[in-house]
Engineer: 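Quick one: this structure, given as structure tokens, is what I'll be asking you about.
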Amino acid sequence: MSGWASRSTAVVAGLFVLFLALPIVALIGRAVLDGSLGSAIVSPVVLDALALSLLTTALSLVVTVAFGLPLAVVLARRRFRGKGLIEALVDLPIVLPPSVAGLALLLVFGRRGLLAPPLDVLGVTVPFTTVAVIVAQVFVSAPFFIRSARTGIAAVDRDLEDAARVDGASEVQVFRSVTVPLAGAALAAGLVLSWARSLGEFGATIMFAGNIEGRTQTLPLVVYGEFQGGDVDASVAAAAILVIAAFAVLVAARLFRSRRLMDASGLA
Amino acid sequence: MRSRSVVVAAIAVAALAAVALAARAPVDGPAPPASSPEAIELTIYGAASLKGALETARMAYEVATPGTTLLLATDSSAALATQIEQGAPADVFLSADATNPRKLVDAGLADGAPVPFAGNQLTIIVPTVNPAGIVSPADVVRPGVHIIAAGDAVPITGYAEQVIDNLAREAADAPGFVAAYAANIVSREDNVKAVVAKIELGEGDAAFVYATDAVASRRVATVPVPDGVNVTAIYDGVVVRTSRHSVAAHAFLAWLAGPAGAAILSDFGFRPPS
């Protein structure tokens, strides 16, 4: 690459980093400078929303792994008619606007939804409850985990699994001790992406779960609610907390991964 | 292995968050019977413009009515009404208009008639430096004044047009007055908050907004619209038929529409509904 080309590449790259960083810096800067971050950290509305966000995203992650991992294994390992259709279906929530997801969930679980008769018999109400928050998060975020897990599991060398079987390992042992560790990086990346998507989930939540304090009002909904109510400072503070939480997890995930890479290469 | 430890961590976070949340707000569960006076929780679906007033009203009401706690849910009135139609567990619906409560009554989702509890009048806001020198409502039609308005579907637009019609009746050339106002509009925003923001930023010289928006903003000055030409948007509240605490819900709505509620609402720029 000529000197001119490499310099202009660096300039373009730098400009784009600036574009990505500036809104975040402005947000955090304003929240810190006007003192709203300090007061937001002790505000019960923000604390409730933070606790609710952590609770629901953690449970969503558990549900996503419990159901998503088997699905990822099936998609990575089996061949069957209609597989392409199922793969497209699994990816669909990634490209759907979240408001569409929220509306669709209402049509299934809502008072006049498809599943309304059996849910009524069981006395279960899903929409506009904490459960609805988790359902919405799983619906929009699970595809990120399933995609990543499917790719990771498909890339595992099956000869290694067979070798373990020859040594007498059960299928469960093979999966736990060979498949999962070898697909570990992909699984972890899927978990981080999926969790981050849940934490930021807004559109499906507000349509399907509403904006009820302490019940369904997660942090992104506080950002919206305070803005709509005219309190931009409180909105900025809640947004800053969200940014800090998400950034901390992404950094932690990177540190964790580089430590493992060093472990693997015998450097540490 | 790793995914298992992440899941364990997720469960731990969930448990911690559950404890933190349980310490503050009860999670969903079967409601206690309405007869036990110490444990009534009312879910109030309130229009976004009521948010600040409702937070203050909640504190006052919970002190005045021991054993009753209020959960607030805010959004636009139309969105809240739709959520209630879809089964949202609201006890009381407080709308920024009379149309949306009427929708619930017509759908058989209301318990009793709507109760008007507040009114909101229009005012003119200008940037604090007032670059166009607006001192009376008629100044908004002077040539060159940049007016920020809202879109046709936004309720404030209809109210602002009524005020302009009322002002035009006092002017020498009524059709010319209306046309001059229309000619001065430089921008149409999606909602009233965006109109206020444009004036705060100095992007326009004047705008019609609700009196409560003017009170809420520290970065604008107001030019009052006299009662004779002003209009009042009426806020109606209604108890939702599916409420499990119908008596308590009616009591709260009556309190909000009464003198105690009116005193709080007036601090936020609202007027009595009549």
Side-chain angles (χ1 to χ4, degrees), chain A residues 44-45 47-48 50-62 65-66 69 106 110-113 116 125-131 149 176-177 180-181 183-185 187-188 190-192 195 206-217 224-232 256 260, chain B residues 1-4 6-28 30 43-52 54-55 70-76 79-80 82-90 191-193 196-197 200 212-213 215-217 242:
Chain A
V45 170
L47 282 180
D48 277 1
L50 181 62
L52 188 69
S53 277
L54 292 177
L55 172 75
T56 53
T57 54
L59 290 175
S60 294
L61 204 56
V62 172
V65 172
L69 197 53
L106 263 183
R111 192 155 74 180
R112 294 172 214 148
T125 311
V126 177
F128 310 106
T129 63
T130 308
V131 174
R176 270 207 208 154
S177 312
V180 168
L187 292 178
L191 284 173
V192 169
W195 180 81
I206 197 156
M207 290 198 70
F208 182 52
N211 187 20
I212 309 170
E213 286 177 3
R215 292 271 175 84
T216 70
Q217 190 178 60
Y224 169 79
E226 295 292 347
F227 186 83
Q228 263 216 325
D231 193 344
V232 178
F256 188 58
R260 264 182 64 99
Chain B
M1 287 298 124
R2 165 119 52 111
S3 71
R4 247 183 41 206
V6 171
V7 170
V8 170
I11 292 171
V13 171
L16 270 177
V19 170
L21 199 66
R24 288 210 44 84
V27 219
D28 288 317
T43 303
I44 310 297
Y45 266 47
S49 54
L50 290 163
K51 193 168 187 298
L54 285 180
E55 281 165 358
L70 304 182
L71 281 182
L72 300 182
T74 54
D75 207 326
S76 78
L80 293 175
T82 306
Q83 290 182 9
I84 292 168
E85 284 168 1
Q86 293 295 328
N191 58 60
V192 185
K193 296 292 179 203
V196 176
E200 285 181 345
T212 52
D213 296 311
V215 170
S217 170
T242 49

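Letters go in sequence order (proteins before strands), and every chain restarts at 1. Only this structure's heavy atoms are used, side chains among them; waters, hydrogens and symmetry mates stay out.
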Engineer: With sequence neighbours excluded, what pairs up with A79(B) under the side chain to side chain contact (heavy atoms under 4.5 Å, CB included) test?
Structural biologist: D75(B), S76(B)
Engineer: Determine whether a donor-acceptor pair (N or O, by modelled atom type, separation under 3.5 Å) exists between the side chain of E213(A) and the backbone of L70(B).
Structural biologist: no
Engineer: Any heavy-atom pair between the side chains of T242(B) and R111(A) that's under 4.5 Å?
Structural biologist: yes
Engineer: Identify the two heavy atoms, one from R112(A) and one from E85(B), that lie closest to each other, and give their separation to 0.1 Å.
Structural biologist: NH2-O, 3.4 Å
Engineer: Quick one: closest heavy-atom pair of Q83(B) and G210(A), and the distance?
Structural biologist: OE1-CA, 3.7 Å
Engineer: Which value, rounded to the nearest 0.5 Å, describes the distance between T74(B) atom OG1 and Q217(A) atom CD?
Structural biologist: 6.5 Å
Engineer: Select, from I44(B), L72(B), T43(B), the one with the greatest count of heavy-atom pairs under 4.5 Å involving chain A.
Structural biologist: L72(B)
Engineer: Could you tell me which portion of I84(B) (side chain, backbone, both or neither) has an atom closer than 4.5 angstrom to a non-hydrogen atom of chain A?
Structural biologist: backbone
Engineer: Quick check on the interface: out of A47(B), P89(B), A216(B), who has the most heavy-atom pairs with chain A under 4.5 Å?
Structural biologist: P89(B)
Engineer: Quick one: pull up NZ in K193(B) and CZ in F227(A) and give me the separation to the nearest 0.5 Å.
Structural biologist: 9.5 Å
Engineer: Measure distances from F208(A) to the heavy atoms of chain B and classify the residue's part below 4.5 Å as side chain, backbone, both or neither.
Structural biologist: neither
